[in-house]
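Below, read A as the first sequence line, B as the second, and so on, with proteins coming before strands; counting in each chain starts at 1.
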2 protein chains.
Amino acid sequence: MLQVSRKFEYGLHAVTYLATKGLGRVVTVKEMADEMGFSQEFLSKAMQSLKRAGIAASVQGVKGGYMLGKSTDAITVADIAIAIEGEPHLVRCGVKADRCEIFSSCHHRGYMNTLQHKIQVLLAATTVHSLLKEVAG
Amino acid sequence: MLQVSRKFEYGLHAVTYLATKGLGRVVTVKEMADEMGFSQEFLSKAMQSLKRAGIAASVQGVKGGYMLGKSTDAITVADIAIAIEGEPHLVRCGVKADRCEIFSSCHHRGYMNTLQHKIQVLLAATTVHSLLKEVAG
DNA sequence: TGATAATAGGGTTAAAATAGTCCTGTTTAA
DNA sequence: TTAAACAGGACTATTTTAACCCTATTATCA
Ligand code: SF4
Ligand code: SF4
């Protein structure tokens, strides 16, 4: 229970990688996949999600690739998670009420929702900037 | 990402149900499953896990069933989660290092581990006692 | 003492979510 | 106009979760 997806980890690694390359520098998916050692195709999906969320920016064509779309202190871990996994739903009724058979008689939904909110606050408390400092320091 | 399992929710509901029945009262899995509207067999597995963790106590034989194994303020949501899902591992390398191909070059493992710890603190902050008060109040 | 109602738990199957691949299209530098 | 890259839909494989089945054990009670 409560394990992050590989896609999220790929995305987080990619963002920190782009961050170390600086805001301007364009990096290809191939370079990142080779450097970090995971599937090019799959990382590509993660990058597309990050781009749609504005976290990454892309340049098409030969010499194209990705770069950061925002400064490192404007990107939180929560942003990356939402970009890649979509809105968080700690409980299945969050996706759609009829996903749970006992929705109407459930007494702990309120608690689970505040719990989810608190987890999001944790994720939002770390920016890519602070994450990089933590690693370096 | 980050969704609790059905088994955990079954367990949480069962514990609060047992709590409202009082410490002494023995309740069968059948009664709980009927009352709360989910699979008897599956709830049974959750109860077995709760029993092994000491959260529930069982009485075998005819007239047997389950009751709480501890007082409601000695059981936290974290205890229930661990009883049912085992030790939490936010990242796959927590289970076993070789579950992740990039373990040796990973720079965000430290952050992920502190994040996991913080989530556990959140879960441990709520006792069944406080959860029941929240629902009632 | 035998029938019965319950927990205990191993093993298997079904369903769902995640991870990974493939293929086709579009963009653009050279 | 070729080639290298992003964009993205569709598909397949793998893994995890959920559910079910079946047998054993325990203990009440007629
Ligand atoms: S048990 Fe309650 S919190 Fe969980 S999915 Fe169902 S309604 Fe939502
Ligand atoms: S990417 Fe890092 S944190 Fe995630 S599983 Fe691999 S080693 Fe662990």
Considering residues, nucleotides and ligands other than Lys118(B), do more than 12 of their heavy atoms fall under 6.0 Å from its NZ?
no
With salt bridge (Lys or Arg N to Asp or Glu O under 4.0 Å) as the test, would you mind laying out the steps for Glu35(A) and Lys21(A) before giving the verdict?
CA-CA 13 Å; Glu35(A) 188 71 26; Lys21(A) 294 296 166 182; over 6 Å; no
Under 3.5 Å, which donor-acceptor pairs do the side chains of residues 127-137 of chain B form with other protein atoms, sequence neighbours left out?
residue, atom, partner, partner atom, Å
Thr127(B), OG1, His129(B), N, 3.4
Thr127(B), OG1, Ser130(B), N, 3.0
Thr127(B), OG1, Ser130(B), OG, 3.3
Ser130(B), OG, Thr127(B), N, 3.1
Ser130(B), OG, Thr127(B), O, 2.9

Show your working on side chain to side chain contact (heavy atoms under 4.5 Å, CB included) between Gln40(A) and Ser44(A) and close with a plain yes or no.
CA-CA 6 Å; Gln40(A) 189 171 326; Ser44(A) 172; 5.8 Å; no
Let me know the distance between [atom1] of [X] and [atom2] of [N], rounded to the nearest Å.
| X | N | atom1 | atom2 | result |
| --- | --- | --- | --- | --- |
| Leu2(B) | dT18(C) | CG | P | 10 Å |
| Arg99(A) | dT17(D) | CZ | P | 15 Å |
| Gln40(B) | dC22(D) | CD | P | 15 Å |
| Phe42(B) | dA8(C) | CZ | P | 17 Å |
| Lys7(A) | dA17(C) | NZ | P | 15 Å |
| Leu50(A) | dA7(D) | CG | P | 11 Å |
| Lys63(A) | dA30(C) | NZ | C1' | 9 Å |
| Arg6(A) | dT21(C) | CZ | P | 11 Å |

Measure the spacing between [atom1] of [X] and [atom2] of [Y] and express it to the nearest 0.5 Å.
| X | Y | atom1 | atom2 | answer |
| --- | --- | --- | --- | --- |
| Arg99(A) | Arg6(B) | CZ | CZ | 8.5 Å |
| Met47(A) | Met32(A) | CE | CE | 4.0 Å |
| Arg109(B) | Glu9(A) | CZ | CD | 10.0 Å |
| Ile119(A) | Leu123(B) | CD1 | CG | 6.5 Å |
| His13(B) | His108(A) | NE2 | NE2 | 4.0 Å |

Tell me which residues in residues 85-93 of chain B put a heavy atom below 4.0 Å from DNA chain D, sorted by number, or none.
none
Keeping the roles fixed (side chain from Asp79(A), backbone from Thr76(A)), state whether a donor-acceptor pair exists under 3.5 Å.
yes
If every non-hydrogen atom of [X] is compared with every non-hydrogen atom of [Y], which pair is closest and at what distance?
| X | Y | value |
| --- | --- | --- |
| Ala19(A) | Thr72(A) | CB-CG2, 3.7 Å |
| Met67(A) | Leu23(A) | CB-O, 3.7 Å |
| Tyr10(A) | Ser39(A) | OH-N, 4.2 Å |

What residues in residues 54-62 of chain A put a non-hydrogen atom under 4.0 Å from any atom of DNA chain C?
Gln60(A), Gly61(A), Val62(A)
Can you list, by residue number, the residues of residues 9-38 of chain B that have a non-hydrogen atom closer than 4.0 angstrom to DNA chain C?
Thr28(B), Val29(B)
Under 4.0 Å between a side-chain N or O of Ser39(B) and OP1 or OP2 of dA18(D)?
no
Anything under 3.5 Å between a donor and an acceptor, one on a side chain of residues 49-59 of chain B, the other on a protein residue two or more places apart or in another chain? List them.
residue, atom, partner, partner atom, Å
Ser49(B), OG, Lys45(B), O, 3.3

Sugar-phosphate atoms are those with a prime plus P, OP1 and OP2; base atoms are the rest. Using that split, label each nucleotide of nucleotides 9-15 of chain C B, S or - for protein heavy atoms under 4.0 Å, 5' to 3'.
BBB----
